[in-house]
Amino acid sequence: MVLPSLLLCDFGHLAREVTHLEEAGAAALHLDVMDGRFVPQLTYGLVVVEAVRRSASVPLEAHLMIEDADRSLADYARAGADIITVHAEALTDPRRTLESIAALGPKAHLAFNPGTPVEQIVPFLDCCDGVLVMSVEPGYGGQSFKPEVLAKLETLVHLRAQHRWRYRICIDGGISADTIGPAAAAGAELIVAGSAVIRSKNYSHAISTLEQIASEAA
Ligand code: DX5
Ligand code: ZN
């Protein structure tokens with residue numbers, strides 16, 4: 001499943017962008033919340049998530065690239081996030097955070113950066129609804145895919161089978177027609193695509209092409 005990221009969309013016409021993406025077949029939307037501290041860029045927060053919620057009928061993922069996410073979990077759940085994704089590197093107690101998200105209702109996803117080894121998140125995998133492998137350094141859209149993260153996807157597939165865990169395997173960053181095949185073949189199930197969709201002239205064609213390549217490779 002391809003989740004378009006709104007990061008590079010036309011925020012002057014947000015509702016129109018959301019409608020176009022839904023009409024183009026987006027099964028869910030990925031919202032990049034950045035605080036200018038955990039990552040250099042500052043994007044948007046609750047107000048925009050709420051606005052997207054009002055225009056969208058598909059599920060929303062709030063990808064929180066922020067420090068002190070624990071303080072805002074209830075707010076993002078209330079704003080209408082169906083998935084709340086938090087970063088292992090930004091949390092003092094990932095288990096507690098993931099359990100708090102689940103108790104609020106949304107799916108609890110744990111993201112980790114290219115430089116963070118899988119071993120660091122293994123202790124929390126039993127309480128993840130999803131694991132998001134970052135395939136670029138978080139912070140900006142339009143960067144190049146880091147192929148060295150493919151091995152992490154394979155490890156996550158293996159660990160899930162071994163322990164009978166239930167998380168979905170997700171990937172975010174640098175996804176294109178060239179990189180989505182290898183990502184899906186290595187185990188990615190929920191695939192975030194920013195520039196590959198938003199910078200294309202035809203959202204519908206971009207999404208269906210990516211989904212087709214992914215399903216053939218999986
Ligand atoms: C990067 C964000 C991504 C970004 C992906 O920090 O988490 O979701 O929008 O954009 P592309 O697909 O262009 O790398
Ligand atoms: Zn993201």
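Order of listing sets the numbers, starting from 1, for every ligand and every atom in it. Side chains included, hydrogens not; waters and symmetry mates left out as well; all remaining heavy atoms used.
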[X] neighbourhood, listing ligand 1 atoms whose heavy-atom distance to it stays under 4.0 Å:
X: His63; answer: 7 (O)
X: Pro138; answer: 6 (O)
X: Met65; answer: 6 (O), 7 (O)
X: Gly141; answer: 10 (O), 13 (O)
X: His30; answer: 8 (O)
X: Tyr140; answer: 1 (C), 6 (O)
X: Gly174; answer: 11 (P), 12 (O), 14 (O)
X: Leu7; answer: 4 (C), 9 (O)

Fill in: Heavy atom of Met34, distance to ligand 1 below 4.0 Å
yes
Worksheet entry | Ala196 near ligand 1 by a heavy-atom separation under 4.0 Å |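 It does not; every heavy atom stays at 4.0 Å or beyond.
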Report the name of the N/O/S atom of [X] located nearest to the Zn ion (ligand 2).
X: Asp32; result: OD1
X: His63; result: ND1
X: His30; result: NE2
X: Asp172; result: OD2

Would you say ligand 1 has an N or O under 3.5 Å from any N or O of [X]?
X: Val136; result: no
X: Gly173; result: no
X: Glu137; result: no
X: Met134; result: no
X: Ala193; result: no

Check whether [X] reaches the backbone of [Y] with its side chain - one donor and one acceptor, N or O, closer than 3.5 Å.
X: Glu67; Y: Ala90; value: no
X: Arg53; Y: Ala56; value: yes
X: Gln143; Y: Glu137; value: yes
X: Ser176; Y: Ala196; value: no
X: Asp10; Y: Gly12; value: yes

Discussion item. For Thr43 and Asp32, which I'm curious about, is there any donor-acceptor pair between the side chains at under 3.5 Å?
Written reply: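 Side-chain D/A pair, Thr43 to Asp32: absent.
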Worksheet item: Would you say the side-chain atoms of Ser204 and Glu23 include a donor-acceptor pair closer than 3.5 Å?
Response: no
Which pair of non-hydrogen atoms, one from [X] and one from [Y], has the smallest distance, and what is that distance?
X: Val133; Y: Lys152; result: CG1-CD, 4.2 Å
X: Leu29; Y: Ala26; result: CD2-CB, 4.0 Å
X: Val39; Y: Met34; result: CG2-CB, 3.5 Å

Quick one: look up the protein heavy atom nearest [atom] and list residue, atom name and how far away it is.
atom: atom 12 (O) of ligand 1; answer: Gly194 N, 2.8 Å
atom: atom 13 (O) of ligand 1; answer: Ser195 OG, 2.6 Å
atom: atom 6 (O) of ligand 1; answer: Gly139 N, 2.7 Å

Fill in: Of the listed options Leu6, Val197, Asp172, closest to atom 7 (O) of ligand 1 (non-hydrogen atoms)
Asp172
Item to complete: Check each of Leu8, Asp32, Thr43 against atom 4 (C) of ligand 1 and report the one with the nearest heavy atom.
Response: Asp32
Worksheet item: Heavy atom under 4.0 Å from ligand 1: found in Ser5's side chain, backbone, both, or neither?
Response: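 Near ligand 1, Ser5 shows its side chain, while the N, CA, C and O stay back.
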Item to complete: Determine, using ring centers only, whether His63 and His109 are less than 6.0 Å apart.
Response: no
Worksheet entry | Verdict with reasoning, Phe112 to His87, per ring-ring contact (aromatic ring centres under 6.0 Å, His included) | CA-CA 6 Å; Phe112 64 120; His87 265 266; 8.9 Å; no
Practice prompt. Before giving the answer on side-chain contact (heavy atoms from CB on, under 4.5 Å), spell out for Ile66 and Ser72 the whole-Å C-alpha distance, their side-chain angles and the decisive distance to 0.1 Å.
Written response: CA-CA 10 Å; Ile66 63 176; Ser72 345; 4.1 Å; yes
Worksheet item: Pick one: which of His20, Glu22, Glu17 meets side-chain hydrogen bond (donor to acceptor under 3.5 Å, both in side chains) with Tyr203?
Response: Glu17
Discussion item. Tell me which one of His30, Lys107, Glu61 satisfies side-chain hydrogen bond (donor to acceptor under 3.5 Å, both in side chains) with Thr85.
Written reply: Glu61
